[in-house]
Amino acid sequence: MAQLSLLFLSLFLTLISLAPSGASISSCNGPCRDLNDCDGQLICIKGKCNDDPEVGTHICRGTTPSPQPGGCNPSGTLTCRGKSYPTYDCSPPVTSSTPAKLTNNDFSEGGDGGGPSECDERYHSNNERIVALSTGWYNGGSRCGKMIRITASNGKSVSAKVVDECDSRHGCDKEHAGQPPCRNNIVDGSNAVWSALGLDKNVGVVDITWSMA
């Protein structure tokens, strides 16, 4: 009887060892079916665990960020709430039709813009056609008070005044209302800018072009 029990126990342990483990976690370049199979901040890309390009982590490629178009490469990373974001000291070159991402910002006191605008140390009404530019485009405040021309993919365009910096180097603190650093190609527009372009601000991010007016 004891021998029969040992036989069943041995068979049971063998079956367990052969069963696939659903809880196995893969590291860089390990096999995966979805992001739950990957360790930490890695995601599943084409069956392998890798860095999330949207977050900007560089776990699988060391700490050197990938080169960016326009000759403006990340200067480092900033970790916010467990996620890593690239930081930038520069932005792509400004042309007569500069590609950018339009985001929405609340320039009023208590809004998601954080502190007062960099250019005049004031809060602004969201009914004003105003924008904040990524650090490189803000250029140390040299574009403060100047007008830029923004054109949406629907053909509509609007002129808006630069009043603030969309900080590409710092973030995740009270001054920045807890927001992560901006990408290096952001035009952060008020509600009035979005409305003038006939865009729904709830979309969050849209492709635009811009130039100095």
Side-chain angles (χ1 to χ4, degrees), residues 54 56 68-70 72 74-75 78 80-81 85-213:
E54 294 296 320
Q68 299 292 310
C72 176
S75 57
L78 182 65
C80 308
R81 297 182 293 276
Y85 297 88
T87 58
Y88 296 88
D89 295 324
C90 57
S91 292
V94 176
T95 67
S96 59
S97 183
T98 312
K101 301 288 186 182
L102 179 68
T103 54
N104 180 242
N105 185 46
D106 184 350
F107 290 87
S108 64
E109 187 169 5
D112 59 18
S117 297
E118 285 285 332
C119 291
D120 55 13
E121 291 298 320
R122 292 174 48 213
Y123 293 101
H124 291 265
S125 166
N126 290 306
N127 293 322
E128 297 179 62
R129 294 179 180 179
I130 52 178
V131 298
L133 298 178
S134 290
T135 294
W137 289 337
Y138 181 73
N139 196 27
S142 68
R143 291 193 166 94
C144 279
K146 295 183 178 180
M147 303 298 291
I148 67 170
R149 192 76 180 168
I150 304 168
T151 303
S153 57
N154 60 13
K156 292 186 177 182
S157 62
V158 63
S159 291
K161 184 168 70 172
V162 178
V163 299
D164 203 0
E165 174 187 13
C166 194
D167 200 335
S168 305
R169 293 175 293 190
H170 311 98
C172 301
D173 53 17
K174 184 177 181 181
E175 181 184 351
H176 299 86
Q179 299 292 323
C182 281
R183 302 289 294 190
N184 67 341
N185 61 344
I186 297 297
V187 174
D188 208 14
S190 63
N191 291 351
V193 169
W194 281 73
S195 295
L197 292 171
L199 300 172
D200 180 5
K201 67 178 183 179
N202 294 315
V203 173
V205 183
V206 297
D207 292 321
I208 57 156
T209 59
W210 73 276
S211 63
M212 299 305 300

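Contact check for V193 versus V131: side-chain heavy atoms found under the 4.5 Å cut-off. Using a 4.5 Å heavy-atom threshold, the side chains of Y123 and P116 count as touching. You'll find the side chain of P92 reaches within 4.5 Å of the side chain of N184, heavy atoms only.
The two residues A132 and C166 come nearest to each other via the heavy atoms CB-N, 3.9 Å. Closest heavy-atom contact between L199 and A152: CD1-CB, 4.2 Å. Across every non-hydrogen atom of Y88 and C182, the tightest pair is CD1-O, 4.4 Å.
The CD atom of E118 lies 6.0 Å from the CG atom of D164; values are rounded to the nearest 0.5 Å. Note that the CH2 atom of W194 and the CD1 atom of I150 stand 10.5 Å from one another [nearest 0.5 Å]. Annotation: the span from D188 atom CG to D106 atom CG amounts to 10.0 Å, rounded to 0.5 Å. Summarising the geometry, atom CG belonging to D167 is positioned 12.5 Å from atom CG belonging to L133; distances are rounded to the nearest 0.5 Å. Between W137 atom CH2 and S91 atom OG the span is 5.5 Å, to the nearest 0.5 Å. Here the straight-line distance linking atom CZ of R183 with atom CG of N185 works out to 7.0 Å at 0.5 Å rounding.
Applying the side chain to side chain contact (heavy atoms under 4.5 Å, CB included) test between T103 and each of V203, V205, V187 identifies V205 as the sole match.
Within the structure, salt bridge (Lys or Arg N to Asp or Glu O under 4.0 Å) contacts touching residues 87-98 (residues at least two apart or in different chains) do not occur. The stretch residues 199-213 participates, sequence neighbours left out, in these salt bridge (Lys or Arg N to Asp or Glu O under 4.0 Å) pairs: K101-D207.
Here S134 pairs with nothing under the side chain to side chain donor-acceptor pair (under 3.5 Å) rule; sequence neighbours left out. Partners of S157 under the side chain to side chain donor-acceptor pair (under 3.5 Å) rule, at least two apart in sequence or in another chain, are R149. T135 is linked by a side chain to side chain donor-acceptor pair (under 3.5 Å) to E165, counting only residues two or more places apart in sequence or in another chain. For S195, there are no side-chain contact (heavy atoms from CB on, under 4.5 Å) partners at least two apart in sequence or on another chain. In this structure, the side-chain contact (heavy atoms from CB on, under 4.5 Å) partners of M212, at least two apart in sequence or on a different chain, are R143, K146, I148, W210. Partners of T209 by side chain to side chain donor-acceptor pair (under 3.5 Å), not counting sequence neighbours: none found. For the salt bridge (Lys or Arg N to Asp or Glu O under 4.0 Å) test, residues two or more places apart in sequence or in another chain that qualify with D120 are R122.
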Go through the steps for I130 and V162 under the test side-chain contact (heavy atoms from CB on, under 4.5 Å), then give the verdict.
CA-CA 6 Å; I130 52 178; V162 178; over 6 Å; no
Walk me through whether N191 and N127 qualify under side-chain contact (heavy atoms from CB on, under 4.5 Å).
CA-CA 7 Å; N191 291 351; N127 293 322; over 6 Å; no
Full working for side-chain contact (heavy atoms from CB on, under 4.5 Å) between S117 and H124:
CA-CA 8 Å; S117 297; H124 291 265; 3.3 Å; yes
Please determine whether side-chain contact (heavy atoms from CB on, under 4.5 Å) holds for the pair S125 and F107, giving the CA-CA distance in whole Å, both sets of side-chain angles, and the decisive distance to 0.1 Å.
CA-CA 6 Å; S125 166; F107 290 87; over 6 Å; no
